[in-house]
2 protein chains.
Amino acid sequence: MPDTWIDTFPGLTRLPADIRAELEAGSQIVTAPAGAQIFAPGQTADNLLLLLDGTVKVQQKSDTGRDVFLYRVHAGESCVLTTACMLAFEDYAAEGISETDVRAVAIPRKTFDSLVGKSPVFREFVFTAYSRRITDLFTLIDDIVFQRMDVRLAARLLELADDRGVVHATHAALGTELGTAREVISRTLSEFHRRGWVEQSRGEVHLTGKEGLARLVKSAGAHV
Amino acid sequence: MPDTWIDTFPGLTRLPADIRAELEAGSQIVTAPAGAQIFAPGQTADNLLLLLDGTVKVQQKSDTGRDVFLYRVHAGESCVLTTACMLAFEDYAAEGISETDVRAVAIPRKTFDSLVGKSPVFREFVFTAYSRRITDLFTLIDDIVFQRMDVRLAARLLELADDRGVVHATHAALGTELGTAREVISRTLSEFHRRGWVEQSRGEVHLTGKEGLARLVKSAGAHV
DNA sequence: CGGAGTCTGTGACCAAGTCACCAAGGATCA
DNA sequence: TGATCCTTGGTGACTTGGTCACAGACTCCG
């Protein structure tokens, strides 16, 4: 494995040679197409996944049948929250869906446990990833409770836009992402359109006035 | 230390003798009065706390100046989320306030790190505690997004009531717990009163019809 | 007794979620 | 080429919840 994947994760570059060897030998690279269910509630996670390419969205299957979007894992990050359940042999209430074709490193429970035991650097990597996700969850809760919908939508649009300023998502999809109803998204987008910030077409939103959106987000002091 | 505290934590009873010894030697019992700030944002946590007596409430200091209640740590549980930040040398955005006089075991970072490295049982204990808290956070988010306020308030009242069915809390306090406004609590409690479920007096709520509250909670399929 | 501070009640108003229904765009297939 | 169906988006009426302003009422003390 020349040009090892390990170096794409900043937290792992400091690993000593023997640990690197064990990590490389005890893990493998896996792929999945867009839209695949990466992990699901009720099924024990047997691997820690480190994303090399693509994005995975993690959402909670609600009892009420609706989904709550929790967070998005990008290339270079890990689905680390599953590991708690992995090591604790507990079930997970969330599911992960690949949004694009993804490539990831799968570290099986055995290797993971062994490395956590042996390597302080690896431990720090894991716990750092944890604390990131956890503080993310805290700010998510904060946003849900205190932030206005228009601000949250504006922030999310800026985040999801591709390099041409286009967001590929239906109103319903944006609704689940923000934990609100489709109608609310529709109304808010009409308002944004009225202000000349967006143009709409079926299944996509064109950001024509990013400055306006950014100003709205900033004025509310949102956590982008 | 006869009758060691270790056995009050089910996950730790399986620890081998040498690890127990290290844990006992490398930790100490601390106390704090009711209302003390146990940990705060911006100050690195240097100890993992395992609660022996009392309760600690953990809440996020919001940018907007208001607080969001996250969860409550009871005797026999640990403030484990702080450990991620502890090991990762990262700051924490939440603060912990003792609600009663508390007694706890403080495990310093050094001991903690060493034990996580040496003992698979201790690792499992830590990661189990993690996964509990994390899934709790997930259900919290779910509740905030989808559950009606009256149901959430009813559930919380049942949870907070002492053995005589009295909840000692002001409307404002219940408001922060549920991430809503005092006025909403007042209105909802009036409604509960109208239905004969509660009696009110300054600073406390008497549950006179727990069955009604329980029925409301149950009919909504809430996560108690 | 007389403030000062805290706790609760209330009305008006706005933001957001729910429900019901309709219309337009796209796909499929006889 | 239509007929049909599904998905997406638009809209109005209504309910719930959050915000603001202000007024009583209780408690603690000096």
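In what follows, every heavy atom counts, from backbone to side chain, and hydrogens, waters and symmetry copies are set aside. Chain letters run A, B, ... following the sequence lines, proteins first and then strands; every chain starts at 1. On a predicted model such as this, the values are computed, not experimentally measured, just so you know.
If you check every strand for non-hydrogen atoms under 4.0 Å, B/Arg66 touches sugar and phosphate atoms only.
Atom CZ of B/Arg148 is separated from atom P of C/dT18 by 10 Å (rounded to the nearest Å). Atom CD1 of B/Ile144 is separated from atom P of C/dG17 by 13 Å (rounded to the nearest Å). Atom pair A/Leu216:CG and C/dA15:P shows a separation of 13 Å (rounding to whole Å applied). Across the protein-nucleic acid pair, B/Asp143 atom CG and D/dT16 atom P stand 19 Å apart, rounded to whole Å. Across the protein-nucleic acid pair, B/Leu153 atom CG and D/dG17 atom P stand 11 Å apart, rounded to whole Å. Between the C1' atom of C/dA15 and the CZ atom of A/Arg152 lies a distance of 14 Å, rounded to the nearest Å. Following rounding to the nearest Å, A/Ile185 (CD1) and C/dA15 (P) show an atom-to-atom distance of 16 Å. Following rounding to the nearest Å, B/Glu191 (CD) and C/dT10 (P) show an atom-to-atom distance of 13 Å.
Using a 4.0 Å cut-off between charged side-chain N and carboxylate O, A/Glu191 and A/Arg195 make a salt bridge. Between A/Asp67 and A/Lys61 there is a salt bridge, since at least one side-chain N of the basic residue sits less than 4.0 Å from a carboxylate O of the acidic one. Salt-bridge check for B/Arg123 with A/Asp113: passed, with a basic side-chain N closer than 4.0 Å to an acidic carboxylate O. Between B/Glu77 and B/Arg72 there is no salt bridge, since none of the side-chain N atoms of the basic residue sits less than 4.0 Å from a carboxylate O of the acidic one.
Residues meeting the side-chain contact (heavy atoms from CB on, under 4.5 Å) test with B/Val145, sequence neighbours left out: A/Val68, A/Ile144, B/Ile141.
With B/Asp101 contributing its side chain and B/Ala34 its backbone, the two residues share a donor-acceptor pair below 3.5 Å.
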Using atom names, set out every protein N or O paired with an N or O of nucleotides 9-14 of chain D below 3.5 Å, distance rounded to 0.1 Å.
residue: D/dG9; atom: OP1; partner: A/Gly203; partner atom: N; Å: 2.9
residue: D/dG9; atom: OP2; partner: A/His171; partner atom: N; Å: 2.7
residue: D/dG9; atom: N7; partner: A/Arg182; partner atom: NH1; Å: 3.3
residue: D/dG10; atom: N7; partner: A/Arg182; partner atom: NH1; Å: 3.1
residue: D/dG10; atom: O6; partner: A/Arg182; partner atom: NH2; Å: 2.7
residue: D/dG12; atom: O6; partner: A/Arg187; partner atom: NH2; Å: 3.3
residue: D/dA13; atom: N6; partner: A/Arg187; partner atom: NH2; Å: 3.4

